[in-house]
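A short worksheet on the structure shown next.
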4 protein chains.
Amino acid sequence: MNHAFLNDYNEICHNEVIDFVQQHIHDRTLGYEEDEHCQKASEMLLELFECKDAKVQFFIGGTSANLTMISMLLKHSYEAVIATKQSHIANHEGGAIEGCGHRILIAEDYKGKICADSIERICIEHMNDRHMVLPKLVYISNTTEVGTVYSLEELEEISKVCKKYDLYFYMDGARLFSARYSLFNDIHFKDYAKYLDAFYVGGTKAGLMLGEAAIIVNKDLQKDYLRHMKNKGAMLAKGSLIGLNFQALLTDEFYKRVAINCNEKAMSVAAFLETKGHEFMVRPESNQIFVLMRDTEVETLSQYYDFADLGYENKDSKRKCIRLVTSFSTTQKDVDEFMETYNRIFPNK
Amino acid sequence: MNHAFLNDYNEICHNEVIDFVQQHIHDRTLGYEEDEHCQKASEMLLELFECKDAKVQFFIGGTSANLTMISMLLKHSYEAVIATKQSHIANHEGGAIEGCGHRILIAEDYKGKICADSIERICIEHMNDRHMVLPKLVYISNTTEVGTVYSLEELEEISKVCKKYDLYFYMDGARLFSARYSLFNDIHFKDYAKYLDAFYVGGTKAGLMLGEAAIIVNKDLQKDYLRHMKNKGAMLAKGSLIGLNFQALLTDEFYKRVAINCNEKAMSVAAFLETKGHEFMVRPESNQIFVLMRDTEVETLSQYYDFADLGYENKDSKRKCIRLVTSFSTTQKDVDEFMETYNRIFPNK
Amino acid sequence: MNHAFLNDYNEICHNEVIDFVQQHIHDRTLGYEEDEHCQKASEMLLELFECKDAKVQFFIGGTSANLTMISMLLKHSYEAVIATKQSHIANHEGGAIEGCGHRILIAEDYKGKICADSIERICIEHMNDRHMVLPKLVYISNTTEVGTVYSLEELEEISKVCKKYDLYFYMDGARLFSARYSLFNDIHFKDYAKYLDAFYVGGTKAGLMLGEAAIIVNKDLQKDYLRHMKNKGAMLAKGSLIGLNFQALLTDEFYKRVAINCNEKAMSVAAFLETKGHEFMVRPESNQIFVLMRDTEVETLSQYYDFADLGYENKDSKRKCIRLVTSFSTTQKDVDEFMETYNRIFPNK
Amino acid sequence: MNHAFLNDYNEICHNEVIDFVQQHIHDRTLGYEEDEHCQKASEMLLELFECKDAKVQFFIGGTSANLTMISMLLKHSYEAVIATKQSHIANHEGGAIEGCGHRILIAEDYKGKICADSIERICIEHMNDRHMVLPKLVYISNTTEVGTVYSLEELEEISKVCKKYDLYFYMDGARLFSARYSLFNDIHFKDYAKYLDAFYVGGTKAGLMLGEAAIIVNKDLQKDYLRHMKNKGAMLAKGSLIGLNFQALLTDEFYKRVAINCNEKAMSVAAFLETKGHEFMVRPESNQIFVLMRDTEVETLSQYYDFADLGYENKDSKRKCIRLVTSFSTTQKDVDEFMETYNRIFPNK
């Protein structure tokens with residue numbers, strides 16, 4: 001079974017990363033992210049995102065980052081977060097946000113992107129009724145869970161609604177570099193800190209062994225976050241391991257090379273599938289593509305490749321949607337093999 | 001500043017570990033601990049602890065393991081865990097257990113070890129009064145937070161009280177290998193699964209990059225723990241990284257070599273200090289030694305070495321207690337340097 | 001401003017209730033529901049519902065009952081409750097369920113009643129994916145939040161799905177007596193204990209000063225619920241006050257007289273409005289009616305009567321839906337006055 | 001069995017209270033404390049305590065008030081409350097505070113009153129170590145759980161430490177009126193709002209049917225508390241019932257008459273027992289007395305009276321401590337009967 005397009009975390013890491021770590025495994029440092037490697041990585045991140053006064057906090061994974069950050073931003077359990085129905089926190093994080101005491105309010109979305117006017121309607125409805133929860137935070141993912149990317153205009157528009165209704169604005173950037181180097185992106189690194197109160201930058205899906213870096217822009221939120229992380233079990237004893245991983249990520253534009261590789265490989269696969277007559281659930285914009293295929297084709301392909309099957313397009317359709325993902329480790333050979341396999345198993349397409 | 005005796009997580013990992021990982025960084029596996037490396041490591045662990053029907057779950061660190069396991073064992077927030085006042089969960093985990101909704105009831109201790117009769121008194125008091133919390137779990141650490149080790153008899157005695165009062169029995173084994181190879185230990189690997197409902201085996205402080213392995217012995221507790229881990233943000237996407245770390249730990253008795261090294265080095269330092277007339281807070285039994293020194297000596301030593309200062313012995317004393325810790329990476333050279341430095345800065349001792 | 005049709009808790013209580021309480025205010029009893037008045041009320045309830053082996057626990061209000069019972073039924077925060085989008089817990093309880101750590105999964109509904117096949121689809125989707133929450137409980141209200149009542153067949157059908165997917169089945173009976181004596185009801189008192197694991201019987205909206213009575217049918221759930229109530233702050237020190245209220249409720253079929261009064265008065269108002277050409281959001285079946293009126297009419301009526309305005313029927317409509325509610329205290333005079341007022345302010349209808 | 005001295009909530013209420021309520025049971029009001037009765041009671045309370053800008057919120061009982069208020073004052077689960085080991089929240093509230101996510105740190109006490117210097121030591125220890133919880137609130141009860149009362153000087157001293165370490169200061173006033181009219185009290189009503197951020201005034205133990213009134217002095221804490229109450233299930237639908245109870249309490253100095261009655265009756269009983277040679281655990285200062293008796297005497301007395309038995313004074317003693325409590329309903333006849341019974345069953349004392 002070929003795992004090449006299953007997800008973007010199926011190989012441990014890029015050689016450059018482990019080589020970087022290996023040079024430092026015997027450095028004797030303080031624990032719990034108080035070491036010089038984390039310090040250096042923080043500085044490099046704040047420079048890249050052009051927000052010197054922000055604070056960086058490293059996490060071991062996305063769910064840990066999301067639950068810790070969101071429960072830091074929300075102070076009481078009557079406060080709620082607004083997100084889309086496809087959002088990671090509303091689906092594949094095992095109820096972690098509710099586990100911290102908070103409701104997720106579902107806003108309407110367009111191609112997986114949250115609609116600013118729907119946020120506004122939710123605010124009006126809830127703020128006028130004191131028996132309801134109080135919206136206090138907007139959560140977005142970029143790239144989204146369906147691989148689309150936000151435009152700068154969309155970011156601005158959401159930010160405006162957030163300011164109007166006194167909401168924090170938080171971004172899950174598990175695939176932030178893939179978004180940044182998408183052909184459809186017009187947001188620059190410096191824009192994030194301008195519009196967001198906090199966000200996290202994904203390392204796991206960008207070729208690192210592990211690690212996500214939360215960037216806390218809003219100064220009101222920077223106090224006591226170490227105690228909060230400890231309380232949520234989110235702190236790694238050997239924090240320097242993540243610090244080193246992020247230094248590797250930020251050295252010689254590693255993040256850019258990885259993002260461009262995975263986006264380009266995804267575009268190649270998408271272009272190939274389009275020539276074969278396939279349509280997409282949404283237009284491919286980054287390293288995840290959601291392609292529609294007849295159920296019999298899915299069945300056949302699944303004998304060769306491992307991939308996520310999202311089920312039938314709708315009740316009456318014979319088409320299913322499957323997800324193909326590229327990563328730092330996807331090679332041209334992987335793409336070529338996929339095309340060859342496809343041509344062989346579907347000779348009449 | 002010399003960090004050699006600061007803690008047992010100040011270097012990232014042993015060479016054998018990173019070498020082992022490096023051989024597999026390009027294996028394409030499933031994520032979230034569903035891979036073959038985790039599978040293999042689980043089997044090796046269950047063989048070592050002679051409990052084939054137990055389940056293994058890997059964590060990234062001790063606080064994450066403790067909060068996830070304890071909140072899995074306790075089902076309602078009126079259920080409480082019994083522990084000593086020095087216990088890690090009652091001190092340095094940022095209120096993580098209460099953060100999951102549970103009270104920690106403090107039992108009396110002897111040399112950092114929980115007293116079975118104190119557990120019994122707590123049970124009698126609480127079980128008779130329905131306005132109080134219900135004790136449901138006993139937490140111990142082995143080695144304890146003051147470096148002592150439990151005897152088999154003590155383990156049996158606690159287990160007996162647990163059975164009598166329908167309490168789960170859980171062990172934090174962050175330094176389990178150091179306990180196992182302590183000169184004062186008489187507990188065998190197979191004994192743990194016999195007496196405990198669940199425990200975790202520490203990798204971080206045994207020379208690994210990261211990782212703790214929870215072993216869930218009690219069958220009633222084995223269901224749906226993956227969802228629970230996800231809910232607590234405790235699952236690593238690239239779970240195979242921890243699986244590989246634990247394989248390295250369990251290969252060629254790495255765990256034993258590391259434990260013997262750190263215990264021996266600690267005994268050397270302790271013996272040296274004893275010859276210099278120092279007393280200990282408790283008799284050194286493993287890789288942490290708690291030595292009493294005059295405050296002026298602590299002041300002097302702190303100019304050369306970084307270590308934890310636990311403060312004055314008592315209100316009227318001029319002596320302070322400091323903690324010196326050895327690890328997988330402590331060398332004879334580290335010990336020799338310490339002795340030379342000591343002799344140089346305290347020439348009259 | 002006339003409050004007659006605002007809600008069913010706008011007067012403190014029926015005379016029979018306060019008279020009953022007054023006879024016993026100087027009885028010296030134990031506190032916290034361990035008194036003889038609670039004991040007697042429990043027995044009367046279990047006799048009415050024909051479930052001698054169930055346990056009764058009294059609460060001061062619906063949200064307190066719902067959050068305490070649901071967090072008793074759900075044991076871990078990865079466990080979720082399924083409910084409709086209109087359900088009280090998903091709207092007007094301030095996020096109390098999430099505050100206890102649990103997600104509410106929204107199932108499709110028909111006239112405010114949960115669809116059994118939608119429950120099934122949610123189960124299949126979630127049970128197959130261990131990164132998601134685990135459905136473990138179905139919540140219904142009867143009467144529903146839009147005043148409709150479940151049929152015995154619907155109850156059976158939901159119960160069947162619950163058994164198939166190992167879900168608890170819980171009913172919010174804030175208006176259970178109004179449901180029981182609805183002209184559209186075919187469920188008998190004894191049926192509830194047959195199909196439900198637990199439910200609560202509303203006293204507040206049935207003419208009592210305060211009080212709801214939870215009936216815990218499933219034996220597995222009867223243990224330690226007093227500690228759980230205490231933990232949630234749900235226990236009244238002078239529990240006998242609620243015990244006496246419920247005795248009054250259950251004396252001389254008070255519950256039936258109250259329910260019939262409020263249902264009949266609501267039917268009168270509904271019939272009147274129908275003759276005036278108004279339509280309803282759903283067919284009136286109990287003591288809450290949801291009538292559609294032009295926005296200008298709503299405006300006019302609101303100068304005389306206080307009522308809940310649920311907003312426009314839909315984006316393009318000029319009609320709004322308003323809620324009129326009757327209660328134990330609604331008199332024929334109230335109904336007559338309403339009709340007179342209506343005729344006076346809308347002379348051309 | 002005589003329940004006269006069992007507790008101060010064993011009769012439902014004083015006649016004046018139910019008479020007051022009865023006059024208003026058919027008033028048609030808004031629900032959830034938005035009615036005119038609550039409004040009036042609030043104004044009366046703020047006038048009595050001389051804090052016009054504070055906000056009042058009514059609760060149904062002490063545990064509900066404590067858990068709701070404390071979880072409003074503490075914003076994150078790494079924040080902790082400091083209290084004495086006898087404090088109600090640390091004992092008889094079923095772990096409600098931990099259930100909301102917060103640790104209770106135990107400070108030393110003197111006669112059940114918290115020691116300001118112990119608070120300071122806890123702050124220094126915890127604030128310097130970011131792996132520990134952060135103290136953020138001091139909880140006191142007045143009268144304390146052992147019936148003692150704070151002096152103004154003690155209140156000032158605690159307040160000073162709170163300001164120094166940025167802690168909120170909160171008082172559980174379940175028996176505030178008994179404290180206020182204690183012969184040993186020198187705190188005036190207006191002093192509470194001067195030193196405390198929030199406190200609650202007990203009605204349940206002052207002759208009301210039910211109800212406690214939280215007074216939120218600190219303006220930063222006054223926002224959105226209605227949503228918070230809803231989230232905790234703490235809001236009564238028929239809030240006017242509590243409003244009316246509190247109006248009765250505040251009419252014609254009812255609170256004073258009740259407090260003086262219960263204190264005087266307790267002093268009579270205490271004086272009698274002293275003449276019989278009994279000692280007290282602490283000097284009786286209010287309506288709870290903690291008397292030491294030989295275990296055989298306790299055994300004998302328990303055949304006539306129901307009371308709380310707190311167990312042996314210490315391991316080696318034959319004396320037990322029992323609690324006798326007076327209330328609004330304790331009459332001279334109750335006291336006389338007690339003395340007669342005592343003389344009869346202990347003829348040789």
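All chains are named by letter (A, B, ...) in the order of the sequence lines, taking the proteins before the strands, and each is independently numbered beginning at 1. This one's a predicted model, so the numbers in the text were calculated from it and none came from an experiment.
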Could you tell me how the ring of A/H76 sits relative to the ring of A/Y78: parallel (under 30°), tilted (30 to 60°) or perpendicular (over 60°)?
-> parallel
Criterion side chain to side chain donor-acceptor pair (under 3.5 Å) on B/E79 and B/H102, from CA distance to verdict | CA-CA 6 Å; B/E79 295 181 345; B/H102 304 287; 5.9 Å; no
Is chain B contacted by the side chain of A/L208, its backbone, both, or neither, given a heavy-atom distance below 4.5 Å?
-> backbone
Which portion of A/I97 sits near chain B, non-hydrogen atoms under 4.5 angstrom = neither
Step through it carefully: locate the ring centre of B/F338, locate the ring centre of B/F5, and say whether they are under 6.0 Å apart.
-> yes
Options A/M229, A/R28, A/H3, ranked by heavy-atom pairs under 4.5 Å with chain B, top entry = A/R28
So which part of A/L67 gets closer than 4.5 Å to some heavy atom of chain B, the side chain, the backbone, both or neither?
-> side chain
Test: B/K40 cationic atom under 6.0 Å from B/F246 six-membered ring centre, within 45° of axis | no
If you count heavy-atom pairs under 4.5 Å between each of A/H14, A/E93, A/H24 and chain B, which one has the most?
-> A/E93
Chain B heavy atoms under 4.5 Å from A/L6: which part of the residue, side chain, backbone, both or neither?
-> side chain
Tell me, out of B/A237, B/G61, B/G99, B/G31, who's got the most heavy-atom pairs with chain A below 4.5 Å.
-> B/A237
Give a yes or no on whether the ring-centroid distance for B/F177 and B/Y255 is below 6.0 angstrom.
-> yes
Please determine if A/D334 and A/K265 form a salt bridge, counting it only when a charged side-chain N lies under 4.0 Å from a carboxylate O.
-> no
Strictly by modelled atom types, are A/D172 and A/N66 linked by a side-chain donor-acceptor pair under 3.5 Å?
-> yes
Assess the pair B/F254 and B/F328: is the distance between their ring centroids shorter than 6.0 Å?
-> no
Chain B contacts, top residue of A/V21, A/L236, A/D19, A/T68 (heavy-atom pairs, under 4.5 Å) = A/L236
Relative to chain B, which segment of A/H228 carries a heavy atom at a distance below 4.5 Å: side chain, backbone, both, or neither?
-> neither
Region of A/A234 in contact with chain B, defined by heavy-atom distances below 4.5 Å = neither
Under 4.5 Å, counting heavy-atom pairs only, tell me which of B/N10, B/I60, B/T204, B/T63 racks up the most with chain A.
-> B/N10
